[in-house]
Novice: 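Starting off with a structure, shown below.
Position 1 is the first residue of the sequence; numbering continues from there.
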Amino acid sequence: MTIETLKQCRKAGKAIRAKEKEIASYRASAGCISGMRYGDTPHGRGEPIASQEAYVETLELLQNELKEKRQARAPLRREIKAACEKLSQLQKELICGYYVHGYSWEEVNEHCGVNRKQSQYQVKKAFEKILEKT
């Protein structure tokens, strides 16, 4: 595993978190969508669609994008998790929290209960074990 793999996975993790936030805010702004009706005939020639139907279609598009991002991250995630097998629990949580899930160092450190200096030391030791020597 290389540092490039870690960076790619972190970027994918951040994109997934951003898409999840976008979906959550979209759902929160929906209001009441009761009264949803689907017609049997397709809309054509610029015919307007109901706001409820537009909401569902947009939500489905967002969810499909999220699914694609998760599928793209899956091989990177597996590679990192496999490389982290020989690490201590704290080192696994630090590496996976930051690089796999895309959390900030502050969030990861708070979750693990360590300060920034301790996490820097643990991550450095983890890198010595898992990164390929070039």
Novice: In Å and rounded to the nearest 0.5 Å, what is the CD1 to OH distance from Ile3 to Tyr99?
Specialist: 4.5 Å
Novice: Are Leu90 and Leu131 connected into the same hydrophobic cluster when the rule is that any two of I, L, V, M, F, W, Y join if their side-chain heavy atoms are below 4.5 Å apart?
Specialist: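 Yes; tracing contacts between hydrophobic side chains, which count when under 4.5 Å, links both residues.
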Novice: Give, for atom SG of Cys96 and atom CD of Gln91, the distance between the pair rounded to the nearest 0.5 Å.
Specialist: 11.5 Å
Novice: Between the main-chain N or O of Val100 and the side-chain N or O of Arg73, is there a donor-acceptor pair closer than 3.5 Å?
Specialist: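 Yes, Arg73 side chain to Val100 backbone: donor-acceptor pair under 3.5 Å.
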Novice: Would you say Ile130 and Val108 are hydrophobically clustered, going by side-chain heavy atoms of ILVMFWY under 4.5 Å?
Specialist: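 Ile130 and Val108: one cluster.
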Novice: For residues Ser88 and Gln122, report the shortest heavy-atom separation together with the two atoms involved.
Specialist: OG-OE1, 4.4 Å
Novice: Nearest 0.5 Å, please: how far is NZ in Lys11 from NZ in Lys14?
Specialist: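 Between atom NZ of Lys14 and atom NZ of Lys11 there are 10.0 Å.
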Novice: To the nearest 0.5 Å, what is the distance between CG on Leu62 and OH on Tyr26?
Specialist: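 The CG atom of Leu62 sits 7.0 Å away from the OH atom of Tyr26.
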Novice: Walk me through whether Glu128 and Lys124 qualify under side chain to side chain contact (heavy atoms under 4.5 Å, CB included).
Specialist: CA-CA 6 Å; Glu128 290 173 359; Lys124 182 180 176 185; 4.0 Å; yes
Novice: Step by step, work out the side chain to side chain contact (heavy atoms under 4.5 Å, CB included) result for Glu106 and Asn109.
Specialist: CA-CA 5 Å; Glu106 291 78 23; Asn109 293 340; 5.9 Å; no
Novice: Kindly compute the distance separating CD (Glu65) from CD (Gln63), expressed to the nearest 0.5 Å.
Specialist: 10.5 Å
Novice: Between Gln118 and Asn115, is there a side-chain heavy-atom distance shorter than 4.5 Å?
Specialist: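 Side chain of Asn115 against side chain of Gln118, heavy atoms only: contact under 4.5 Å found.
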Novice: Establish whether Tyr55 and Leu66 are linked, either directly or via other cluster members, by ILVMFWY side-chain heavy-atom contacts under 4.5 Å.
Specialist: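 Tyr55 clusters together with Leu66.
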Novice: To the closest 0.5 Å, what do you measure between CD (Glu110) and CD (Glu107)?
Specialist: 8.0 Å
Novice: Using the six-membered ring wherever Trp is involved, compare the ring planes of Trp105 and Tyr98 and label them parallel, tilted or perpendicular (cut-offs 30° and 60°).
Specialist: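 Parallel.
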Novice: Write down the atom of Gln8, the atom of Leu76, and the distance for their closest heavy-atom approach.
Specialist: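 Nearest pair, atom of Gln8 first, then Leu76: OE1-CD2, 3.7 Å.
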Novice: Would you please test Arg70 and Glu20 for salt bridge (Lys or Arg N to Asp or Glu O under 4.0 Å) and show each step?
Specialist: CA-CA 11 Å; Arg70 285 184 174 156; Glu20 287 171 345; 2.4 Å; yes
Novice: Between Leu94 and Tyr121, is there shared hydrophobic-cluster membership here, with clusters defined by ILVMFWY side-chain heavy atoms closer than 4.5 Å?
Specialist: no
Novice: Over all heavy atoms of both residues, which pair between Lys92 and Cys84 is shortest? Give the atoms and the distance, please.
Specialist: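 Here Lys92 and Cys84 meet closest at CE-O, 3.1 Å.
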